[in-house]
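As structure tokens, the structure follows; a few thoughts come after it.
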Number of protein chains: 2
Amino acid sequence: MAALIPEVVILRLPLYFRTLALLKEEKTEIVSSQELGARLQITPAQIRKDLSYFGKFGTQGKGYNVSQLLDELRQILGLDRKWLVALVGVGRLGRALLDYGGLAPQGFHVLAVFDSDPRKIGEKVGELVIQDVHKLAATVKNQGINIGIVAVPPSEAQAVIDCLVSCRIKAILNYAPIAPVVPSDMRVYNIDPVLALQTLTYHLKSLNTP
Amino acid sequence: MAALIPEVVILRLPLYFRTLALLKEEKTEIVSSQELGARLQITPAQIRKDLSYFGKFGTQGKGYNVSQLLDELRQILGLDRKWLVALVGVGRLGRALLDYGGLAPQGFHVLAVFDSDPRKIGEKVGELVIQDVHKLAATVKNQGINIGIVAVPPSEAQAVIDCLVSCRIKAILNYAPIAPVVPSDMRVYNIDPVLALQTLTYHLKSLNTP
DNA sequence: TCCTGTGAAATACTTCACAGCT
DNA sequence: AGCTGTGAAGTATTTCACAGGA
């Protein structure tokens with residue numbers, strides 16, 4: 001194993017992981033690439049090829065043992081440990097994320113939340129107290145935070161990201177509608193509904209003129 | 001023009017569009033693929049190639065006229081008109097989206113909001129009254145809704161999406177953490193922070209063992 | 001028989017490199 | 001001198017198709 005894995009493959013692994021977790025809940029013990037592919041609208045060959053980058057996990061003639069493949073993917077993706085997260089920006093979006101409750105069960109623990117609005121600082125959000133964004137660096141260091149989530153207005157986003165970079169955080173989930181500039185060893189995943197909608201309209205437009 | 005445009009290209013166009021809009025606000029009149037690329041961490045050749053699928057928009061020796069290219073992209077992406085949006089699911093996330101205020105300026109008008117929780121139905125959110133999700137089909141037809149945003153719990157999501165499909169909606173922005181099954185003429189864009197975080201951890205993990 | 005794992009083939013996408021215009 | 005537009009070259013990714021094990 002362990003040559004250079006294509007990035008597209010890494011993007012699909014969590015999809016497999018989630019579906020396998022569902023299958024396990026449904027008490028399915030064995031699944032074929034065929035069946036997994038049907039649930040994800042991905043070709044079976046693609047799934048087999050993707051998995052083959054990491055090893056041989058299946059049984060010929062049967063398929064994959066759900067629990068076992070789940071364990072393998074957990075390890076491959078690094079989900080067999082806890083990840084410590086800092087959230088920057090406690091507006092509606094930030095609160096929605098905290099409230100969502102889908103992060104902790106997957107091992108993502110938001111340990112600290114920050115904002116630049118003096119009226120919010122000191123306020124409690126669940127178990128956490130909103131801190132001044134200026135304390136970001138100190139808290140990241142003290143608590144050993146691994147991942148930053150940026151949910152601040154666009155005008156502040158690059159500054160916050162620069163700060164996270166200087167804190168040696170290497171992974172950022174960015175909700176701000178900007179194109180962040182970061183060093184090449186950083187991983188940034190951008191989530192922007194407007195960009196998503198704009199790709200959708202391209203296709204809608206071409207529907208009416210086929 | 002108008003062969004078959006690669007999907008990756010369509011995913012980048014909104015990025016160009018947004019950056020050009022910013023450049024226009026900054027009163028920049030001309031931009032080269034070089035400069036645009038620097039802001040987006042995309043190679044100049046890529047940008048030129050992407051644009052070349054749609055026509056010739058630049059001037060040799062100078063670059064691209066910002067306003068003009070912006071107009072072209074607006075037309076290409078179908079952003080020169082209004083799009084009517086229905087939001088299904090008015091939890092924290094749905095409210096955060098409505099409150100965000102970034103959709104309307106880009107021509108995405110949320111005309112109707114739905115929920116299945118009887119306690120929420122009739123409640124006002126901004127200018128809109130939350131409707132029973134059972135009225136989705138009727139409202140979509142009456143108001144000519146083009147796009148659905150799904151922000152319901154995962155257990156309800158596929159049913160909501162099936163409903164949107166049967167309403168002949170062709171584009172969905174899905175926030176529910178599921179892998180929706182839809183007919184092939186549908187466009188679904190999925191936004192899922194957990195999947196995003198799980199791709200990030202893959203890379204973080206490999207950082208400590210280089 | 002059914003399904004995996006995988007080279008090889010096919011396809012898709014990116015980058016190069018340069019002719020040609022300003 | 002500088003930059004676009006673009007075939008051609010180079011990579012990357014997907015799909016095929018089949019040997020081989022259960």
Side-chain angles (χ1 to χ4, degrees), chain A residues 1-16 19-20 23 28-73 76 184 199 202-203, chain B residues 1-16 19-20 23 28-73 76 184 199 202-203:
Chain A
M1 59 160 170
L4 204 113
I5 318 292
E7 184 62 20
V8 269
V9 173
I10 307 307
L11 292 171
R12 282 190 295 265
L13 295 184
L15 232 41
Y16 303 158
T19 305
L20 287 163
L23 286 165
T28 306
E29 288 179 9
I30 301 285
V31 68
S32 65
S33 58
Q34 178 69 232
E35 294 164 325
L36 196 51
R39 287 180 77 131
L40 291 167
Q41 322 223 251
I42 289 176
T43 65
Q46 174 114 83
I47 292 173
R48 295 202 301 277
K49 183 63 116 179
D50 285 354
L51 296 176
S52 77
Y53 284 104
F54 300 95
K56 304 181 180 188
F57 307 121
T59 311
Q60 289 168 331
K62 293 182 72 184
Y64 301 90
N65 177 298
V66 171
S67 291
Q68 189 188 313
L69 185 52
L70 205 47
D71 288 345
E72 297 283 359
L73 284 174
I76 291 165
S184 60
T199 68
Y202 171 82
H203 297 290
Chain B
M1 61 160 169
L4 205 113
I5 318 291
E7 185 61 20
V8 269
V9 173
I10 307 307
L11 292 171
R12 282 189 295 264
L13 295 183
L15 233 41
Y16 304 158
T19 304
L20 288 162
L23 286 165
T28 306
E29 288 180 8
I30 302 287
V31 68
S32 65
S33 59
Q34 178 69 231
E35 294 164 325
L36 195 51
R39 286 180 78 130
L40 291 167
Q41 321 222 255
I42 290 176
T43 65
Q46 175 112 82
I47 293 173
R48 294 202 302 277
K49 184 63 118 180
D50 285 354
L51 296 175
S52 78
Y53 283 102
F54 300 95
K56 304 181 180 187
F57 308 121
T59 310
Q60 289 168 328
K62 291 183 72 184
Y64 300 90
N65 177 298
V66 172
S67 290
Q68 189 189 312
L69 184 52
L70 204 47
D71 288 347
E72 296 283 359
L73 284 174
I76 291 164
S184 61
T199 67
Y202 171 81
H203 296 291

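Worth saying up front: this structure is predicted, and the values here are computed from it rather than measured. Reminder, nothing fancy here: chain letters follow the sequence lines and each chain counts from 1.
Close to D:dT13, at under 4.0 Å from its OP1 or OP2, lies no side-chain N or O of A:Arg12. Contact annotation: B:Tyr64 reaches the phosphate of D:dG5 (side-chain N/O to OP1 or OP2, under 4.0 Å). Phosphate proximity of C:dC13 to B:Gln46: absent, as no side-chain N or O sits under 4.0 Å from OP1 or OP2. Side-chain nitrogen and oxygen atoms of B:Thr43 include at least one within less than 4.0 Å of the OP1 or OP2 phosphate oxygen of C:dT15. Put simply, A:Gln60 has no side-chain N or O that comes within less than 4.0 Å of OP1 or OP2 on D:dG20. Taking side-chain N and O atoms only, A:Thr59 has no distance below 4.0 Å to OP1 or OP2 of D:dA22.
Atom CD1 of residue A:Ile76 and atom CG of residue A:Leu51 lie 7.5 Å apart, to the nearest 0.5 angstrom.
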**Study point:** Verdict with reasoning, B:Asn65 to B:Phe57, per side chain to side chain contact (heavy atoms under 4.5 Å, CB included)
**Key:** CA-CA 8 Å; B:Asn65 177 298; B:Phe57 308 121; over 6 Å; no
Check your understanding: Run the side-chain hydrogen bond (donor to acceptor under 3.5 Å, both in side chains) check on B:Ser33 and B:Arg48 step by step: do they pass?
Key -> CA-CA 6 Å; B:Ser33 59; B:Arg48 294 202 302 277; 3.2 Å; yes
Check your understanding: Passes side chain to side chain contact (heavy atoms under 4.5 Å, CB included), A:Ile10 versus A:Ile5? Steps please.
Key -> CA-CA 7 Å; A:Ile10 307 307; A:Ile5 318 292; 3.7 Å; yes
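Checking B:Phe57 against A:Val8, the closest nucleotide of DNA chain D that is more toward the 5' end is the one next to B:Phe57. Nearest-nucleotide positions on DNA chain D for B:Lys62 and A:Val9 put B:Lys62 closer to the 5' end.
The nearest whole Å value for the distance from the CG atom in A:Leu69 to the C1' atom in C:dT4 is 12 Å. A straight line from CG of A:Leu4 to C1' of D:dT11 spans 12 Å, rounded to a whole angstrom. Straight-line distance from the CG atom of A:Leu51 to the P atom of C:dC3: 16 Å, rounded to whole Å. If you measure from atom CD of B:Glu35 to atom P of D:dC3, you get 7 Å, rounded to the nearest angstrom. Atom CG in A:Asn65 sits roughly 15 Å away from atom P in D:dA22 (whole-Å rounding). Rounded to an integer number of Å, the gap from A:Glu7 CD to D:dT13 P is 9 Å. One atom, CD1 of A:Ile5, and another, C1' of D:dT14, lie 16 Å apart when rounded to the nearest Å. Here D:dT14 presents its P atom at 7 Å from CG of A:Asp50, a figure rounded to the nearest Å.
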I'd like a list of close polar pairs between nucleotides 6-8 of chain D and the protein, N/O only, cut-off under 3.5 Å.
| from | atom 1 | to | atom 2 | distance (Å) |
| --- | --- | --- | --- | --- |
| D:dT6 | OP1 | B:Lys56 | NZ | 3.4 |
| D:dG7 | N7 | B:Lys49 | NZ | 3.3 |

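Atom CD of B:Glu29 sits in a sparse spot, with 12 or fewer heavy atoms from other residues, nucleotides or ligands closer than 6.0 Å. Within 6.0 Å of the CD atom in B:Gln34, the count of heavy atoms belonging to other residues, nucleotides or ligands does not exceed 12.
Using a 4.5 Å cut-off on side-chain heavy atoms (C-beta onward), B:Ile30 and B:Tyr64 make no contact.
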